[in-house]
**Student:** 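Submitted below is the structure of interest, expressed as structure tokens.
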Amino acid sequence: MSQEDATLEARLAEQEAFEPPESFVEQANVTDPGIYDEFEENWPECWERAADLLSWDESYDTVLDDGNEPFYEWFTGGELNASYNCLDRHVEDGAADREAIKWEGELGETRSYTYGELLEEVETFAATLRGLGVEEDDVVTLYLPMIPELPIAMLACARLGAPHSVVFAGFSADALATRMNSADSEFLVTCDGYYRRGDALDHLSKTNEGLDGVDHEVSDVVVVDRLGDDLDHSLADNQRDYDELVAEYDGESVEPVSRDAEDMLFLMYTSGTTGQPKGVKHTTGGYLAYTAWTSHAVLDLEPEDTYWCSADIGWITGHSYIVYGPLALGTTSVMYEGTPDYPDKDRLWEIVEREGVDVFYTAPTAIRAFMKWGSDYPEEHDLSSLRLLGTVGEPINPRAWKWYYKHIGDEECPIVDTWWQTETGGMMITTLPGVNTMKPGSAGPPLPGVDARVVNAQGEEVDAGQAGYVTVNKPWPGMLRTLYNNDERFLSEYWQEYSDKDADEWVYFPEDGAKIDDDGYITILGRVDDVINVSGHRLGTMEIESAVVGVDGIAEAAVVGGDHEVKGEAVYVYAIPEDDYEGNAELEERAREAVLDSIGPIAKPEDVIFTPELPKTRSGKIMRRLLEDIASGNELGNTSTLRNPEVVDDIAAQVETD
Ligand code: PRX
């Protein structure tokens, strides 16, 4: 490192606050600090500003209907169609030739769709789905990787008013079956396979295995041929080749179905404390308004921009900020199929340079990997088209923030560290890039109109510097409306902890720990429930645990998250074998296989540790905190309250030698 670089590094390491660059502020969508007061004074009508970004078939009568708390309704009486808002209206406005999606496959092939072309594809596929019998309100499951057919199918569903339920392609066959069963979904769109690091993965066999576990009839399965001759497959009787099928409907137009603002747009399953994933329900009006508004105010998107969110559409980030938000604003969105290090570690920067990306949104785990690979990779490319950077999914440590700021943004791009969840639909806590000072490691203040607080166990706001829990004390348009077919679980998961029902005060509990500083900036500390965050992916420890205890020969298991340099957290399995305490390689292999089968490779255990006992309190509860500390290599606190303190050293010694 040169002397000059070293001085710069030292200055950055010390700096705790960063002002947004003037060149950014001059052109930003939101620059008036008065927006916070304006939203507060005019709440909930302030949210009309979000609704105004959309085209409504029928205008709404009421911004917020809180007649049946916490089952809030937004923009009631309004009618609209999400695919019309993401496509037709831009075409009608003369933007038919503007690029909507620029897709790049892992092997380098590209496909690009203008708004006019994307509309045609979506209409054709909507006609196809309708031809197969899909009707308004039927849930269509989409088990697809990052190929253009995924957003096409989502928008086709939205056009018909048929909610989609996207299942992340990396999830296992079991995960597909669980989600299709829970949603009673009779239609599936999948593909033969896709590429990962150059290898063709067989997705259809996994799909078929999943379909074996579906407990109702699946009338039709549409199979996209992604791999061509790279994979031989034969289709079952109810399976149809995507290309052959859409050819029958080519050129058909399908009128967008006018949906009530509160009608379901999609379902997205996410992990919770118990084993069963939760079907988060998002609606047409509130969700679309909220994602469009946050794309405008936080991502600063303009129709002229080329924008790239490197998430997978199989997670909420991709739904909100690859598909719905950016397309509602008429922006050009880049979509990439593969991994960031294939064929080399500069793949993303090569794409940024070639496509002239203006705004880039990724996850801290990716930034930590880039950091590890070194700054030579981004330095080989001209990244000067970038104007704004974003992160999402997990806390970003200040060192990674500063690396991103310097080596990707060249100290000229603000960074938005956006805290939100599957359930919130869109961003909740983050700086406005044209307004606020940035503090690395701290997401920032709640967005205008969002009443997020940091409270103690009694629900009282904590003092600056104290740790507490995040709550959201007022509803917002992008919020989940319920858990699919499970209002009871919706109430108990999110509204029980802090609401005062007698006083009719409803408080949403996201299950995150946090602290707040004197300026009202919130630093997220992580989940406080049994959910772990591996590379920004949310996994339920209970789901993993039930997979492991299902293995023949394993009597009991505890799964925890341990610190990991790149992934943020990694999965650690502690298991008690039925006999042969030493454990053996075969049992370990079976435990790993069970996790892969029930969830998928993202939940792959970092380590499986066999032990004769698990550390338990005198009342018999497993001390998970202690297991987390062992996995993270932390100093172990007082273990004297344990019923079996001697077991701790044994386990710790094993982790060290593994
Ligand atoms: O713990 C928080 C963490 O991710 C959780 C939500 O996960 P999921 O529903 O999968 O949505 C991820 C993408 C929105 C939160 O409860 N999280 C998300 N963003 C941040 C974060 N933690 C810290 N900082 C963030 N910016």
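As the structure lists them, so they are numbered: ligands from 1, and atoms in each ligand from 1.
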**Student:** Where on Glu394 is there a heavy atom closer than 4.0 Å to ligand 1, on the side chain, on the backbone, on both, or on neither?
**Tutor:**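 For Glu394, the contact with ligand 1 is made by the backbone alone.
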**Student:** Looking at atom 15 (C) of ligand 1, what's its closest protein heavy atom, distance included?
**Tutor:** Asp512 OD2, 3.3 Å
**Student:** Before accepting this row, confirm whether a basic side-chain N of the pair Lys406/Glu412 lies closer than 4.0 Å to the acidic partner's carboxylate O.
**Tutor:** no
**Student:** Taking 4.0 angstrom as the limit and counting only heavy atoms of Asn533, give me the atoms of ligand 1 inside it, by number and element.
**Tutor:** 3 (C), 4 (O)
**Student:** For Thr422, take its heavy atoms, then give the atoms of ligand 1 lying under 4.0 Å from any of them.
**Tutor:**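 Those of ligand 1 that fall under 4.0 Å from Thr422 are 8 (P), 9 (O), 10 (O), 11 (O).
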**Student:** Looking at ligand 1, does any of its N/O atoms fall within less than 3.5 Å of an N/O of Thr270?
**Tutor:**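 Checking ligand 1 against Thr270, no N or O pair falls under 3.5 Å apart.
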**Student:** Side-chain contact test, heavy atoms from C-beta onward, threshold under 4.5 Å: evaluate it for Ile367 versus Thr362 and give yes or no.
**Tutor:**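 Ile367 reaches Thr362 side chain to side chain.
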**Student:** Measure from NZ or CZ of Arg179 to the centre of the six-membered ring of Tyr143, then state whether that distance is under 6.0 Å and the direction lies within 45° of the axis.
**Tutor:**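 So Arg179 doesn't make the cation-pi contact.
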**Student:** Show the atoms of ligand 1 that are less than 4.0 angstrom away from any heavy atom in Val392.
**Tutor:** 13 (C), 14 (C)
**Student:** Compute the minimum heavy-atom distance from Gly526 to ligand 1 and say whether it is under 4.0 Å.
**Tutor:**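 Judged by the 4.0 Å heavy-atom criterion, Gly526 does not count as contacting ligand 1.
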**Student:** Can you tell if the side chain of His319 reaches within under 4.5 Å of the side chain of Phe266, non-hydrogen atoms only?
**Tutor:** yes
**Student:** To check your reading of the model: name the closest protein heavy atom to atom 19 (N) of ligand 1, its residue, and the distance in Å.
**Tutor:** Gly393 N, 3.1 Å
**Student:** Is Ala443 in contact with ligand 1, taking contact as a heavy-atom separation below 4.0 Å?
**Tutor:** no
**Student:** With atom 26 (N) of ligand 1 as the reference point, say which of Asp417, Thr391, Ile524 has the nearest heavy atom.
**Tutor:** Asp417
**Student:** Just jot down the ligand 1 atoms closer than 4.0 angstrom to any heavy atom of Thr418, in number order.
**Tutor:**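 Within the 4.0 Å cut-off of Thr418, ligand 1 contributes 19 (N), 20 (C), 25 (C), 26 (N).
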